[in-house]
Enquirer: 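Here it is, the structure in full.
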Amino acid sequence: MTVRVRFAPSPTGYLHVGATRAALFNYLYARQKGGKFLLRIEDTDLARSTDESTRSILEGLGWIGLQPDEEVVFQSNNADKHRAAAKKLLDEGKAYRDFTPKAVPSDANVKDTIKDRARAGQGTRNMRDNAYRNISNEDSDSRAAAGEPFAIRLKVPETGKTSFEDGVFGFQERDYSETEDLVLLRSDGHPLYNLAVVCDDIEMEITDVIRGQDHLTNTHKQILIYEALGVTPPNFAHLPLILAPGGKKLSKRIHGEIVSLTTYRDAGFLAAAFRNFLALMGWSAGEEKEIYSLDELVEKFSLDGVHRSSAIFNYEPNNPKRWTDDKLIWMNAEYIRTMPLTNLLPFVKEELRSAKLWREEYQPEGRALSEAATSTADLRPDDRPAAVAIDLPEYGSYDWFVRVVDLIRHRFFTLKDFSLQGRAYFSEDYDFDPVAVEKNLKKFPDLQTWLPELAGRFESEFASTPYTEENIETVVKAFSEEKGTRLGVIMNGARTLLTGVAVGPSMLSVFEIIGLERTLMRLKSQLAWN
RNA sequence: GUCCGGUUCGUCUAGGGGUUAGGACACCGCCCUUUCACGGCGGCAACACGGGUUCAAAUCCCGUACCGGAUACCA
């Protein structure tokens with residue numbers, strides 16, 4: 001039997017980080033087994049479901065690269081089938097009509113209300129004490145015919161237990177006395193979650209249900225429904241939860257946008273890096289390797305490697321440097337600086353484009369960015385004979401763009417950095433980091449005249465000499481000695497003027513890549529001093 | 001309350017009877033260097049607690065504590 005798994009989010013908001021991981025694990029499992037990964041939108045709660053949310057889920061899955069293999073199933077489209085199933089169970093005496101008037105929950109804190117009510121039961125509540133459980137068929141039928149509203153509840157047997165072998169948690173068992181006669185159909189005729197899930201999973205021929213640990217008790221209820229329906233249940237595997245730093249379940253409501261996948265896409269994370277990080281939340285291949293391509297994940301993934309303990313997703317709301325999990329930030333940076341340049345360029349292009357910094361010259365007609373890879377090795381400053389200037393790409397050209405990206409990516413964390421930290425490489429209109437100005441310029445007031453003077457020196461020196469790292473170094477060194485100051489003072493002052501920031505690649509490379517013309521302009525500029 | 005689950009460095013984790021308890025992130029130090037968030041080297045830092053089984057327990061068993069999840073005419 002070929003494996004069929006599904007990711008079944010409810011469309012009540014953006015795609016959640018925890019849900020995304022569940023989707024990922026389902027996907028990996030399916031791919032590894034040569035099976036299908038399906039998507040079902042659980043929109044039976046009409047009041048809370050929105051199309052907007054459905055779009056956002058689809059978009060998020062698309063971004064992270066988890067496309068469903070078959071058409072998306074909308075649970076609400078199957079409501080008639082769910083009702084038919086409930087009717088069948090009713091007819092067979094496996095379910096009964098409950099005429100108890102619907103209790104309207106105070107919607108403020110439903111969770112708390114439920115909890116309080118459960119606690120009030122003192123754990124000794126008889127789950128079978130429903131007055132309508134054993135009502136006669138005639139009585140039930142006539143009341144229904146008279147138009148009295150009713151819910152349909154599953155008639156859970158008096159004694160026995162549900163059990164299953166969980167793919168992660170092992171053998172699970174629960175006494176019937178712990179499970180109440182769950183409602184299958186609301187009094188307004190709407191099917192409820194557990195019934196809908198079971199019906200749809202049967203219909204979709206799902207073989208393995210992989211979902212969060214918060215569904216463990218649902219699984220017992222669902223097995224009861226499978227049994228009543230006379231269908232063999234699928235395999236189940238529950239995933240440990242992802243917790244917030246406080247130790248609570250990561251939730252949209254209390255943790256906000258930090259749990260939304262779109263937050264990471266918008267913040268300049270690479271889908272591959274995010275996916276890689278997520279895979280490591282609650283799963284390990286049992287080796288020290290941490291960087292995995294999607295193919296490698298598919299190959300290595302196993303439910304045996306999934307943990308039973310929950311993981312904490314770290315973040316500090318008020319710390320810009322650690323606004324999200326620091327390992328995630330590291331991993332994104334790791335991808336940016338080590339992935340094949342070929343693969344990175346299109347992302348940089350998109351980032352520059354959205355920041356209005358992209359220029360078509362960076363990608364001439366007929367040249368795909370991916371072609372760049374073969375030429376970059378030659379463009380690496382280290383590999384190039386220092387005295388040879390001829391291979392310095394023209395400012396603003398395609399080769400220049402490729403080389404700049406390769407040069408500046410090493411200290412970047414997100415794609416956003418290319419347009420923020422790296423802005424000065426692509427535009428004349430860039431800001432000066434006040435900290436850098438203070439530390440590298442104002443601390444040495446002489447620089448205000450020295451740097452324009454250095455520009456003059458460059459102008460004359462490089463009128464006939466090639467503007468290369470080696471030659472630049474000679475000139476700057478001579479200049480700093482002449483001024484009786486450390487080389488670093490000149491270099492860092494120039495860095496601040498040329499790039500607006502205090503960090504970056506070797507300053508000699510920066511001079512060279514910025515080009516003589518712009519170097520002169522920026523060294524002479526008084527903008528940063530004001 | 002009851003049921004279920006969990007507990008190895010701050011975090012993600014490896015290890016499942018004999019290990020100097022390993023790696024990664026973060027942090028700290030040193031080196032490289034014109035600065036730096038790159039790179040190199042090093043450091044700090046963990047088996048929740050109590051019993052038991054055993055020659056030997058982080059590892060197996062029991063209990064305690066703590067944490068989490070579930071509990072609905074939500075999903």
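All values reported here derive from a predicted model rather than from experimental measurement. Computed over heavy atoms, backbone and side chain alike; hydrogens, waters and symmetry mates excluded. To find a chain, count down the sequence lines: A is the first, B the second, and so on, and within it residues start at 1.
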Enquirer: State which of B:rC25, B:rU35, B:rC38 makes the closest approach to the side chain of A:Trp330.
Expert: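 Per side-chain heavy atoms of A:Trp330, the pick is B:rC25.
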
Enquirer: Identify whether any heavy atom of A:Asn440 sits under 4.0 Å from a base atom; if not, whether one sits that close to sugar-phosphate; answer base, sugar-phosphate or nothing.
Expert: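 Nothing, no heavy atom under 4.0 Å.
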
Enquirer: Nearest of B:rA75, B:rU34, B:rA70 to any side-chain atom of A:Leu192?
Expert: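 Shortest atom-to-atom distance from the side chain points to B:rA75.
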
Enquirer: Work out which heavy atom in A:Ile329 is nearest to a heavy atom in A:Arg322; give both atom names and the distance.
Expert: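 Smallest interatomic distance, heavy atoms only, reads CD1-CA, 4.3 Å.
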
Enquirer: On a heavy-atom basis, which atom in A:Met127 and which in A:Glu178 lie closest, and how many Å separate them?
Expert: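 A:Met127 and A:Glu178 have their closest heavy atoms at CE-O, 3.4 Å.
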
Enquirer: When you compare B:rA14 with B:rC55, how far apart are their P atoms, in angstrom units rounded to a whole number?
Expert: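 It works out to 31 Å between them.
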
Enquirer: Watson-Crick or G-U wobble partner for B:rG18, using a 3.5 Å limit on both distances?
Expert: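 B:rG18 is paired with B:rC55.
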
Enquirer: Output a table of donor-acceptor pairs, distance under 3.5 Å, between side-chain atoms of residues 40-47 of chain A and any protein atom two or more places apart or on a different chain; print 'none' if there are none.
Expert:
unit_1, atom_1, unit_2, atom_2, d
A:Arg40, NE, A:Glu42, OE2, 2.8
A:Arg40, NH1, A:Asp201, OD1, 2.7
A:Arg40, NH2, A:Glu42, OE2, 2.8
A:Arg40, NH2, A:Asp201, OD1, 3.1
A:Glu42, OE2, A:Gln75, NE2, 3.3
A:Asp43, OD1, A:Gln75, N, 3.3
A:Asp43, OD1, A:Ser76, N, 2.7
A:Asp43, OD1, A:Ser76, OG, 3.3
A:Asp43, OD2, A:Ser76, OG, 2.8
A:Asp45, OD1, A:Ala47, N, 3.3
A:Asp45, OD2, A:Arg48, NE, 3.0

Enquirer: Where the side chain of A:Ser309 is defined as all heavy atoms beyond and including C-beta, which of B:rG6, B:rC4, B:rC27 is the nearest nucleotide?
Expert: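 Ranking B:rG6, B:rC4, B:rC27 by closest atom to the A:Ser309 side chain puts B:rG6 first.
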
Enquirer: For A:Val168 versus A:His307, what's the shortest heavy-atom pair and its separation?
Expert: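 Closest approach of A:Val168 to A:His307: CG1-O, 3.6 Å.
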
Enquirer: With a non-hydrogen cut-off below 4.0 angstrom, is A:Ala151 in contact with a base, only sugar-phosphate, or nothing?
Expert: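 It contacts base atoms.
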
Enquirer: Please list, by residue number, the residues of residues 170-186 of chain A whose heavy atoms come closer than 4.0 Å to an atom of RNA chain B; answer none if no residue qualifies.
Expert: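 Of all residues in residues 170-186 of chain A, the ones placing a heavy atom under 4.0 Å from RNA chain B are A:Gln172, A:Arg174, A:Glu178, A:Glu180, A:Val183, A:Arg186.
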
Enquirer: Any idea how A:Tyr264 and A:Phe274 line up, ring-wise: parallel (<30°), tilted (30 to 60°), or perpendicular (>60°)?
Expert: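 Taking A:Phe274 first and then A:Tyr264, their aromatic rings sit tilted (interplane angle of 30° to 60°).
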
Enquirer: If you check every side-chain atom of A:Arg322, which of B:rC27, B:rA24, B:rA75 has the closest atom?
Expert: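 Given the options B:rC27, B:rA24, B:rA75, the side chain of A:Arg322 is closest to B:rC27.
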
Enquirer: Closest to the A:Arg153 side chain: B:rU7, B:rC73, B:rA75?
Expert: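 Side chain of A:Arg153 sits closest to B:rC73.
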
Enquirer: Work out how far the P atom of B:rC49 is from that of B:rC41, and round it to whole angstrom.
Expert: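 Between the two P atoms, the distance is 34 Å.
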
Enquirer: Record whether the side chain of A:Ser506 comes under 3.5 Å of the base of B:rU34 through a donor-acceptor pair of N or O atoms.
Expert: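 Check passes, donor-acceptor contact within cut-off.
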
Enquirer: Looking at every strand, decide which applies to A:Gly212 at a 4.0 Å heavy-atom threshold: base, sugar-phosphate, or nothing.
Expert: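 Answer is nothing: A:Gly212 stays at 4.0 Å or more from every strand.
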
Enquirer: Does B:rC49 have a Watson-Crick or wobble mate here (both distances under 3.5 Å), and if so which one?
Expert: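 Across all strands, the one nucleotide that pairs with B:rC49 is B:rG63.
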
